[in-house]
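A quick write-up on the structure given underneath.
Along the sequence shown, the residues carry numbers beginning at 1.
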Amino acid sequence: MAGRFPSTRIEALLARMTLDEKIGQMTLVSAGQAVTGPSGPVDYVQAIRSGGVGTVSNLWDPVQNREVQRIALEETRLGIPLLFVMDVIHGHNTVFPLPLAEVGAFDPDLWRRTARIAATEAAASGLAMTYAPMLDIARDPRWGRIAESPGEDPWLAARFAEAKVQGFQGDDLAAADSLAATAKHLAAYGAVTAGRDYATVDVSDRSFHEIYLPPFRAAVAAGVAAIMPAFHDLAGVPMTANAAVLRAVVRERWGFEGVMVSDYGAVAELIVHGVAADIAEAAALALRAGVDIDLMGNAYARGLPAALERGRVTIADIDAAVRRILALKDALGLFEDPYRRGGPLSPTQLSAHRDVAREAARRAIVLLTHRSGVLPLAASGGVIAVLGPLADARADMLGPWAAAGRPEDMVGMLEGLRGAFADREIRHARGVEIGGGDASGIPAAVDLARAADVVVLCLGEARAMSGEAASRARPDLPGRQPELAKAVLDLGKPVVVVLSSGRPIMAPWLFERADAVLATWFLGSEAGHAVGDVLSGRHNPSGRLPVSWPVEIGQIPIFYARRPSGRPADPAQYWSSKYLDLPVDPLFPFGHGLSYTRFAYRDLRARPQTLRPRDSITVEVDIANEGAVAGEDTVFLFIHDPLASLARPLMELRGVAKITLDPGAHGTVTFTVGTDDLAFLGPDLAPRLEAGAFEIYVGPSAARESLLVTTIELVTDERTDAVGPARS
């Protein structure tokens with residue numbers, strides 16, 4: 001990693017360091033301003049004075065950071081600056097929608113801008129590094145950390161990775177408003193058994209390389225500063241000790257030269273995994289795999305001296321890790337000016353950040369169903385009853401991993417709707433608590449609904465029901481919320497459901513009965529204003545699903561890019577890959593999202609229709625707005641290789657485009673598809689390009705019936721050609 005501190009000076013500094021000081025640079029402790037793991041508080045100040053700490057997390061007060069940095073610089077023998085780090089996942093002071101929600105805007109520029117703002121605010125708090133972006137492909141909504149995920153598709157997640165790395169790190173990592181990004185959790189963490197956080201993972205080599213690694217490789221190509229291995233084991237090998245992946249693939253094959261930091265306590269947990277007999281063995285396994293920094297396990301401090309004595313590691317192994325850590329601190333400009341980060345932002349800056357938060361929030365909202373034309377709601381007229389436990393729940397708008405966000409700074413649904421409908425009477429009742437068992441408030445809420453002209457029913461999860469250690473075996477509406485909803489729906493009034501959650505919620509009856517349902521996820525600082533913008537029609541909903549939304553839990557894991565099998569699902573055929581009691585298809589497909597207008601697709605064409613390796617084609621489709629209001633449409637391009645040496649998925653995403661059209665207007669969307677987009681990993685997991693016909697699908701979602709299709713022909717000199725770089 002290139003920096004400003006001459007390598008000779010890093011080597012000179014390394015030569016002066018004692019073993020304890022080297023291990024200190026490899027040790028990360030939490031200051032305790034936020035609780036992000038199971039360990040209790042530590043006397044980190046004393047540990048810093050003794051040279052035993054190189055990185056501090058969860059301390060974002062700029063005054064405190066400056067004092068702690070002063071101690072490291074002035075009260076230690078070598079005066080090496082500290083690195084301050086925190087989980088800045090979806091904003092810092094200004095909280096943006098959850099990643100799973102924000103991905104639904106399908107807009108890399110928006111993803112980059114929100115990361116840039118988060119970096120600016122976090123750096124103003126004295127931070128220099130974030131544990132983000134989280135790049136785990138997630139196809140199981142039982143898993144709580146799906147909330148932090150870019151969804152189910154590896155191509156999309158790779159674009160998310162690039163945008164977030166660029167946004168956090170900016171053009172100059174040493175700039176006062178830049179953060180070092182950490183791509184996490186490498187890799188396949190989203191495939192944990194039964195959706196249980198921290199559980200084992202067992203996926204094929206093909207799935208690992210085709211599905212779970214590409215977002216991380218994209219992050220490395222974008223220059224990500226750090227990588228965090230996942231907690232889980234992969235086929236029996238914990239990722240924290242997985243040298244075959246961390247060293248052989250990430251460092252050697254991809255050329256990653258940055259820092260690897262363990263997840264919280266993961267080095268010491270190698271003992272619990274059953275692959276290390278003691279802390280020395282655990283430390284040795286992690287270090288030899290390539291992990292440079294031990295996060296809150298104290299495993300390197302306790303274990304590396306003994307591992308060195310036993311010959312399980314060498315001083316060269318330790319020096320290599322310390323060298324990478326010092327190079328990162330150098331690249332961040334900490335040797336030149338360790339106090340360059342930390343300082344107030346102007347009210348004008350913070351106001352502009354809130355404007356972007358509002359934009360991001362309303363663009364993340366997905367209109368899932370809309371059957372009666374109830375939306376948008378009229379600006380004046382009768383009474384709106386705003387009911388449910390999420391109607392006035394500022395704290396829950398934060399969602400999990402909300403960094404320095406404060407509940408009092410969030411705009412709740414009720415506040416936002418009162419602002420959006422100032423000329424209408426709004427009445428409010430909670431009815432029930434989110435996960436509580438008390439139903440005594442339901443009659444009063446039903447009475448309000450009965451007297452209203454329309455009901456906005458705010459349902460969903462509490463923020464703590466998603467995120468780390470928040471897996472749910474039954475990801476449905478918790479508590480007595482179904483009773484409240486059914487009682488209101490039984491009145492026959494127009495009902496709009498606003499569904500807040502960190503995952504798809506399985507309540508098919510709700511989607512069948514409500515007049516409209518919006519997935520609002522956890523939208524952050526401007527949640528209520530964004531919902532008001534959409535319900536009032538000031539913003540035409542444009543968000544799309546980055547995951548397939550199941551009908552019931554029995555369909556999980558579910559995703560659009562499945563292979564055909566020899567007996568594809570066919571309800572008319574008994575001996576086919578189907579359920580007796582459920583459809584195979586999700587309730588809502590990947591890419592689903594409705595609008596207040598109608599878009600029509602016509603005349604899909606590809607030019608040329610024959611191509612050779614390293615050529616490209618242009619794919620065009622005409623789109624018309626046939627509705628009465630302006631709107632933004634998201635257009636997806638999928639490919640399918642129907643005949644190959646290995647069975648290929650029915651569809652694979654290879655392009656996303658946007659078009660905004662006024663009523664009655666039409667336009668053309670253009671994609672470029674190269675032969676690299678047609679390649680796949682062969683039996684040896686190296687890129688492979690095979691001649692033959694390819695199907696190109698274009699449309700508004702992964703629902704096959706909504707897509708236009710055309711065919712192109714790839715011609716090669718031989719039946720198979722190897723292409724591109726070495727295997728993923």
Distance-only polar pair, side chains of [X] and [Y], donor-acceptor under 3.5 Å:
X	Y	value
Y131	D263	no
E468	Y198	yes
E148	W401	yes
T200	H232	no
S30	N58	yes

Is there a donor-acceptor pair under 3.5 Å between the side chain of [X] and the backbone N or O of [Y]?
X	Y	result
T120	R116	yes
R654	D677	yes
R206	L681	yes
E121	N93	yes

Legend entry - Heavy atoms of other groups near R196 CZ, more than 12 under 6.0 Å: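 Check fails, neighbour count at 12 or below.
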Legend entry - Criterion side-chain hydrogen bond (donor to acceptor under 3.5 Å, both in side chains) against T114, the qualifying member of H353, H90, E359, E102: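 The passing option is E102.
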Legend entry - Closest heavy-atom pair and its distance - G91, A403: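 Distance-wise, the nearest heavy atoms are O-CB, 3.4 Å.
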Inset, instruction - Determine the minimum heavy-atom distance between A188 and V201, stating which atoms define it. - result: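 Where A188 meets V201 most closely, the heavy atoms are O-CG2, 3.4 Å.
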Validation row: [X], [Y] side chains within 4.5 angstrom (heavy atoms):
X	Y	answer
Y44	L59	yes
V224	F256	yes
S204	H209	no
N242	P229	no

Working to the nearest 0.5 Å, report the span between [atom1] of [X] and [atom2] of [Y].
X	Y	atom1	atom2	result
W60	M86	CH2	CE	4.0 Å
L287	D294	CG	CG	10.5 Å
D278	R302	CG	CZ	10.0 Å
M465	F522	CE	CZ	8.5 Å
S262	M228	OG	CE	7.0 Å
I80	L334	CD1	CG	11.5 Å

Inset, instruction - Check step by step if side chain to side chain contact (heavy atoms under 4.5 Å, CB included) holds for F96 and L523. - result: CA-CA 6 Å; F96 298 104; L523 294 175; over 6 Å; no
Taking only Lys NZ, Arg NE, NH1 and NH2, and the carboxylate oxygens of Asp or Glu, determine whether [X] and [Y] approach each other closer than 4.0 Å.
X	Y	answer
D136	R145	no
D292	R324	yes
R323	E257	no
R463	E461	no

Inset, instruction - Begin from the C-alpha positions of I365 and R363 and carry the test side chain to side chain contact (heavy atoms under 4.5 Å, CB included) through to its verdict. - result: CA-CA 6 Å; I365 294 171; R363 293 182 67 194; over 6 Å; no
Legend entry - F231/Y264 aromatic ring centres below 6.0 Å: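 Between F231 and Y264, the centre distance exceeds or equals 6.0 Å.
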Legend entry - Candidate pair H185 and M134, rule side chain to side chain contact (heavy atoms under 4.5 Å, CB included), full reasoning: CA-CA 6 Å; H185 310 83; M134 194 271 229; 3.7 Å; yes
Legend entry - Cation-aromatic face contact R251/W254, 6.0 Å, 45 degrees: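 Here R251 fails the 6.0 Å and 45° test against W254.
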Legend entry - Criterion ring-ring contact (aromatic ring centres under 6.0 Å, His included) against Y189, the qualifying member of W143, F208, F216: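 Result: among W143, F208, F216, W143 is the only option passing the ring-ring contact (aromatic ring centres under 6.0 Å, His included) with Y189.
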Inset, instruction - Test I89 against K184 for side chain to side chain contact (heavy atoms under 4.5 Å, CB included), laying out the working first. - result: CA-CA 11 Å; I89 306 295; K184 69 179 189 184; 3.6 Å; yes
